[in-house]
Each structure stands twice: as C-alpha cells, then as structure tokens.
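Below, chains carry the letters A, B, ... as their sequence lines are ordered, and counting in each starts from 1.
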There are 4 protein chains.
Amino acid sequence: MVKGENRVAKRRGQKYEQIIEAAVKVIAQNGYHHSQVSKIAKEAGVADGTIYLYFKNKEDILVSLFQEKMGRFIQKIEDELAGETSIEEKLLLLISMHLQQLEDNHALAIVTQLELRQSNIELRNRINEVLKGYLKLIDTVILLGIKEGIFSEELDVRIARQMVFGTIDEVVTNWVMKEHRYSLVALAPSVHKMLLKALSK
Amino acid sequence: MVKGENRVAKRRGQKYEQIIEAAVKVIAQNGYHHSQVSKIAKEAGVADGTIYLYFKNKEDILVSLFQEKMGRFIQKIEDELAGETSIEEKLLLLISMHLQQLEDNHALAIVTQLELRQSNIELRNRINEVLKGYLKLIDTVILLGIKEGIFSEELDVRIARQMVFGTIDEVVTNWVMKEHRYSLVALAPSVHKMLLKALSK
Amino acid sequence: MVKGENRVAKRRGQKYEQIIEAAVKVIAQNGYHHSQVSKIAKEAGVADGTIYLYFKNKEDILVSLFQEKMGRFIQKIEDELAGETSIEEKLLLLISMHLQQLEDNHALAIVTQLELRQSNIELRNRINEVLKGYLKLIDTVILLGIKEGIFSEELDVRIARQMVFGTIDEVVTNWVMKEHRYSLVALAPSVHKMLLKALSK
Amino acid sequence: MVKGENRVAKRRGQKYEQIIEAAVKVIAQNGYHHSQVSKIAKEAGVADGTIYLYFKNKEDILVSLFQEKMGRFIQKIEDELAGETSIEEKLLLLISMHLQQLEDNHALAIVTQLELRQSNIELRNRINEVLKGYLKLIDTVILLGIKEGIFSEELDVRIARQMVFGTIDEVVTNWVMKEHRYSLVALAPSVHKMLLKALSK
DNA sequence: CATGAATGAGTTTTCATTCAT
DNA sequence: TATGAATGAAAACTCATTCAT
C-alpha cells in the first residue's frame, strides 16, 4: 500500500486555502525541488503535520493547487465566452484571457509553466486530467467555428486543438523564461491573427 | 574544491556513445527519477566509475545526450532543407522530419518530450541553449517565406516561431503520452496545412 | 543552497547528550575513519536522520563533542585551581587533573589523543579554538608564578606554555598508545618535578 | 589478503626519489586528504601505475617518505652530536638542529607536523617505529647527562624523553600553525634553557 | 484539530589499485 | 619498465510522512 493512501483529506477550510497559496508562493520563489513540505507549512503558518490533515501527500498539494487554480481559470473563460457571439471574438477572448490570467499572477505562471512540469510522469498525468477541461473548451470553440462555417471542415479537431494550446502555451512559457520582461497580453492580437488564419477556411 | 574541477571528461570514444545510448534506453524505460547512474552504467556495460571518465556528473550525461541527439537532428533537417526550393516544401519538410525522427526513435521521444523536462531549471536552461539552434532554423524558414512574399510581412517572427515549435512539440508530446498508438508522421500534412495558412498572407 | 543553511541544530536535549556519548564510544572503538554516522546513530539508539536534528553535519558532532568534554575538563581544573594557594600546588593540580580526567575516561582519551587528530585542518582549527581556553589557563598559572617570584621572569611565556602542554600531551599520548598499561596519574609527580624545575628561577 | 601485499617494491631508483619529493610537495600544498595518488604521480612526472612499481601502496609512499626524511634528519643530528663534548652543548645542538632542519624545509614541516598526523592509526604506528630512532637518540643524551652527573639521577628517562620530544614537537607545530611567521631556530636557546633546568640536578 | 520531533530509505561520486598493452 | 583506462566499494545527508501528545 502506498503511504497515506487511506487518509481522508478535508477538501475545504481556511487552512486548505492558506496551504495552496503558500505552495504557489514557495514553489515560484524556490523552485519545485527546493520546495519542501516543511517550507510550505512554514509559509502557510501551520505545522508540518497539519498539511496532512488537508492533503493526502505532497503530490496532492500540487494537484489540488492546479485543480483549484485551473478550475477558476477555465470557469472565467467559459463565463466570458458565453457572452460573445462571433467565433472570432470567442477565439480572441480565449487567447486574451489565457494570457491575461497568467500575466496577472506571475507566481502562478512560473508554477504552471515551469515548476509543475518538473514533476514525475504520474503527477503529470493527473495534471493532464485537470487540463482536459480546458482542452474541451478549446474543442468547443473549434467545433462551433466549423459548424458556423468559419473554420475549415477539413480540420482535424485534435490537431487543431493541439495547435491552439501548443501555441499559447509556448508563448506563455517564453514569456516566463524571459522573466516577464514584456507585456504578455499584448501578444494576444498577433497570436489570434495567426491562429484564426490557421483554422479558417 | 569545486566538484569535478580537475577532471577532464573525454568527449569522444566508443564508451562515450555506449553510455549515451544506455542513458536514453534506461531513462525511457524507467523514467528520469528512477534512472540511477549505476543503472545506466550497467546497461552500458561499464563500471559506475567509468561514467565519470566521460561525463563530469550525472547532469552532464543528460546535457550531452541532448546535445548529441539534437545536434544530429538539426543537422539532418538543415541538410534536407537546403535541397528544397519552395518555401511550402521547406515547411513541410521541417515538420515531417521533426515528426519522423522522433517516431523513428520512441525511446528518444519519451526522453525529450517527457523525462528531460523533469530536470531542474538550470539543466533546462542548458537544454534550451541547445534548442536555440533549432529555433534559429525555424526563424530562417519564416524569414525566407516573408522575403519571398509568401508569408505575411506583418508576422511577428518570434511569435510565429513559437507557434511553429509549440504546435509541433505539442503534437509530439500528445503522441508520446498516448503511447505512440498512431502514426506521428502521418499528422504532418494536417499540421503543415494549418501552419502554412497561419503564416501566409 | 549552502548545506544546512536553513536547519537549526538544537544544542541541548537528552538526545544531544546521547549522541555525543555514542560518538565517543564508537570512535574510540572503531577509529575515526570507521565511525559512520549510521554507526553512531545506532549506538545512540536514534535514527540516522535524528543526528541531523541536533548536529549540522558529521564534523559538527566532533567539534561539539570536543567542546562539551573540553569545556567541563577546563572548568573542573579552573575550579580546583582557585582553591589552591601555592603556585607549586597549582601546577601539580593542573598536571594531575589533566592526567586523571583522561585516565578516568579511556575512550575519551583515545578520541582526543589519537582520533580527533586525524581530522582535516579546518576541523583541527576549530578544535584548537576550544583548546585555547585550556592554554590560557596554563598561561595564567605561569604568569602568576612569575609574578610571585617563583618562576623565572625571563621565561618566554609562549614557549613555557608550549613546554607544559607539549609535555603533558606527549605523556598522555604515549600512555594511550601503550594501551593504558600503566597508571597515568602516577606519572604526575615526576612530570610536575621536571616542569617545576624548568620554570623556576 | 590485503591488496598489494605481495608486491615487491623497488626501494631505489631516480623515480623513487622523484615520487617522494612529489609527495612532500603535493601534500604540503593540498593537504593530506586532497593528495590523491594521481596528483602525486603527475607532480612526479610518472604514470599512476608507475607509483606501484616503487611503492606497495599509497601508505607506503608516506611511510617511505618519513623514513627517508627522518633517517637523514636523525643521521645529521647524530653526526653533529658526536663532535660535541659537553652535555649542555649536545642538548642545545639537538634542539637547534631539530628546529633548523624543519625551518629549512617548510613543506616537510607541514607534512610531518600536520598532514601525516591525519593518517590512520595503523600508519601512525609505522611512523612511530621510524620515530623510535630519534627517541633513542634523545634517550642517549639524557642517559649520558645522568652518567656525567649533570642530569638528575632520579629522572624517569621515559618521562624525560617525552618532555624533550613533546616540547620541541609542540614548539614546531605551533610555528607551522602560525604559518612560519617567525624564526623557529631562534627559539632554541629559550627551549634549551628550560629543558636543561628541567633535567638538571 | 493541531503539533513537530522523530524516522529511515535511497543515491551520487571519489579514488586507490589493477592489468592489458 | 612504464603506461593510464578501467574498476567498484563505500558513506553522508535529505525530506516526505507518521504519531504521541
């Protein structure tokens, strides 16, 4: 049996939030490999053992962190998209909001673009599960575009989605690696223009 | 004394190659974090200590591995590109060869797309240095396309390059995560079509 | 990150004492180079990792050991000296107590006379810092003897101190190397007589 | 069977000398623990393997070094002592020459006073064997002094010898640790005066 | 609920020595 | 004699997790 497997973690509570915020801060500052549980606990103002009342294990902090942050991230984009009518606007909105949300939270950007990717394959798979929600959202936009006759019906939706996500993700990663020295969201129109052309008839 | 200060690693020799091939195999099979130096040595058929006659330390094996493999990878693509005349063909060739080379070497694909990314930031930076050669190659194609009047002169070359690389990279990573269950190079035309549209006037 | 930077070693506690006693015993029995941390931990009845809650690193065990033992060693001699009136008696007391304390603790004698001297220069310097307290004590006695007109005022105090310490130390080391086959403290009168003559007018 | 035990080392030859000189230099410069066989071989201008044609193992280099150097050291003192008539002069000569020879060879002084003492007990024992020749010489002087009625006949010769050697040794060690910042041989008269008083009737 | 002292498994790297040439 | 490439044993230290209080 894997350690801690049969522990029941509380999914809510003030400390739950504290610990997640502490994890983002500590990981962004110190890097994934120097972010010991004890450091996160200290930053969160709780004892080491308390972490394990709220999370099954260290990996669970990271997955939960990603779930919480990504959940809101997707929710916000979904909400905004609902209000837009044209497919072109929807695509621009998706790109802009993706870039905006990460530009608004440098620490989170470092964590999602660099640090969390240093995790092992198993954790990466669980992170990808969370990411699926976002990828579905992209699919929805692409499918709608095809349905509305704006995007090419010959598109391989899977490949198209990989292009959209791969492009935005690469743009963000480059921005993080360049230490946020320029405006990220300002790149949205340029990215949008290219992606729109790529997808259009 | 700084580690390895007075040791000179031999950059060539049969064992040098053996160790690198062993590293690719072991890492692809066991994952980065379960690939102890002793495992690599055993696979290479040399003693643990022999590793350190050829590499400064464990990280150096990984960087060297990437340098060796990526060096040839870029060289091959560069050579082929020189023979092509049309810009469309050049772009297709670049995509196809990128996909082909990784499809031809599943173990290497696993290592470059998943395992090497688990390394720490410092190693990642050294890997990025090596990658620059490939990114420059992409830039060359884009700039040539613009010059020849085929690609839009309004392109932000940096963003365009991030789209090209980000898309292909994402396509490969998805293929690896799906455990190579479909032909990767078969996706080249689809990817090419979209990227071409994205870049064109 | 510098080793041990953010770790705070507890300088007190029952386990702190246990570990130091275990270190003396293990080093005396097995020799410095065969006294692995794990062996000391086992002897102390704690886990390997526990050592590092109380000591920064292995070297720190040795320095602490010497500080603790030497601290008491010096204190005892200091206390006794205060009670003596004649300078001759003071010198005899210093010699006797030095010999007695080491004869009373064979393991400690082995560690201080032989094993700790195998340490590297850096550690030796830290040990010498601790030793300074004892050397100052010797100086005090010599200076008092001069002041009282019993010791020659032409004495070079530094050389005189080196003679006193060098002689006693050599006597103890020989006793340890001869595996404690004779009474050490019984040599005190003989040593005292010679040193007294050497220092006197 | 201990490694290398049944090898026959050549005790002479130009390279034998080269290696010993190289060892003194390397150990004095780098310290005992950073003086790898390969470093000594390089300094001596021979291959690593060649060392083992002249010495049984690394320890044997050190013992041989000590034997060679100490042998000459003792011989010189012995020769000079033979020429002196008075016991006082003999003692002064012994002290002066001891100090002089080490002052003349700083590297050797570092090696004998500090570095070689970091070796393990076994090696220390072999070194002590070599030292015996010197200790016997001291004994001879003391016994002669007693016989001539100058030194007290109540002297415990063993203790007296430990005082003479312990004092001189401590004086040298302090000089080495103070990085030879003062003249060592200049201390001879002061040391001589004290030792003479200590031994005399 | 919360604490934090204690646990102990796990891995890179060095370097004395060998031996085929 | 001489070489130097290859060997492989050996040990300090970290940190996620537990559990008695």
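What separates CD1 of D:Ile51 from P of E:dT18 is a distance of 13 Å, to the nearest Å. Across the protein-nucleic acid pair, C:Lys39 atom NZ and F:dA11 atom C1' stand 11 Å apart, rounded to whole Å. Rounded to an integer number of Å, the gap from CD1 of B:Ile40 to P of F:dG8 is 18 Å. Following rounding to the nearest Å, A:Lys42 (NZ) and E:dT3 (C1') show an atom-to-atom distance of 16 Å. Rounded to whole Å, atom P of F:dA12 lies 6 Å from atom OH of C:Tyr52. One atom, NZ of D:Lys56, and another, P of E:dT17, lie 11 Å apart when rounded to the nearest Å. When rounded to the nearest whole Å, the span between CD of B:Gln36 and P of E:dA9 equals 16 Å. For the pair A:Glu59 CD and F:dT17 C1', the computed distance is 14 Å after rounding to whole Å.
Phosphate proximity of F:dT3 to D:Thr50: present, with a side-chain N or O under 4.0 Å from OP1 or OP2.
Distance from the side chain of B:Asn57 is smallest to E:dT13 among F:dC13, F:dG8, E:dT13. Checking E:dT7, F:dA16, E:dT13 against every side-chain atom of B:Lys58, the shortest atom distance belongs to E:dT13. Of the candidate nucleotides F:dA16, F:dA9, F:dG4, F:dA16 has the atom nearest to the side chain of A:Val37. In this structure, of E:dT3, F:dA16, E:dA2, it is E:dA2 that holds the atom nearest to the side chain of A:Tyr54. Listed nucleotides: F:dT3, E:dT12, F:dT17. Nearest to the side chain of D:Leu53: F:dT3. For A:Lys15, the listed nucleotide lying nearest its side chain is E:dA2; candidates were E:dA2, F:dT17, E:dT14.
Mapped onto DNA chain E by nearest heavy atom, C:Val46 and D:His33 fall at different nucleotides, with C:Val46 at the one closer to the 5' end. Each of B:His34 and C:Gly45 was matched to the nucleotide of DNA chain E holding its nearest heavy atom; the match closer to the 5' end belongs to C:Gly45. Nearest-nucleotide mapping onto DNA chain F: of D:Asp48 and B:Gly49, the residue sitting toward the 5' end is D:Asp48.
For the pair A:Phe55/A:Leu65, no side-chain contact is recorded, criterion being any heavy-atom separation below 4.5 Å from C-beta on. Residues C:Ile27 and C:Leu62 are in side-chain contact: their nearest non-hydrogen atoms beyond the backbone lie under 4.5 Å apart.
The local environment of NZ in B:Lys58 is crowded, with over 12 non-hydrogen atoms from other residues, nucleotides or ligands closer than 6.0 Å.
D:Tyr54 and D:Gln18 share no donor-acceptor pair across their side chains, judged by distance under 3.5 Å alone. Judged by distance alone, the side chains of D:Glu115 and D:Gln118 do bring a donor and an acceptor atom under 3.5 Å apart.
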Legend entry - Pairing annotation in dot-bracket form, given for DNA chain F with Watson-Crick or G-U pairs under 3.5 Å and | for cross-strand partners: .||||||||||||||||||||
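Using a 4.0 Å cut-off between a side-chain N of Lys or Arg and a carboxylate O of Asp or Glu, D:Glu43 and D:Lys39 do not qualify as a salt bridge. Using a cut-off of 4.0 Å between Lys/Arg side-chain N and Asp/Glu carboxylate O, A:Arg126 and A:Glu122 are scored as not salt-bridged.
For the pair A:Val111 and A:Val24, the tightest heavy-atom approach, listed with the atom from each and the gap, is CG2-O, 3.6 Å.
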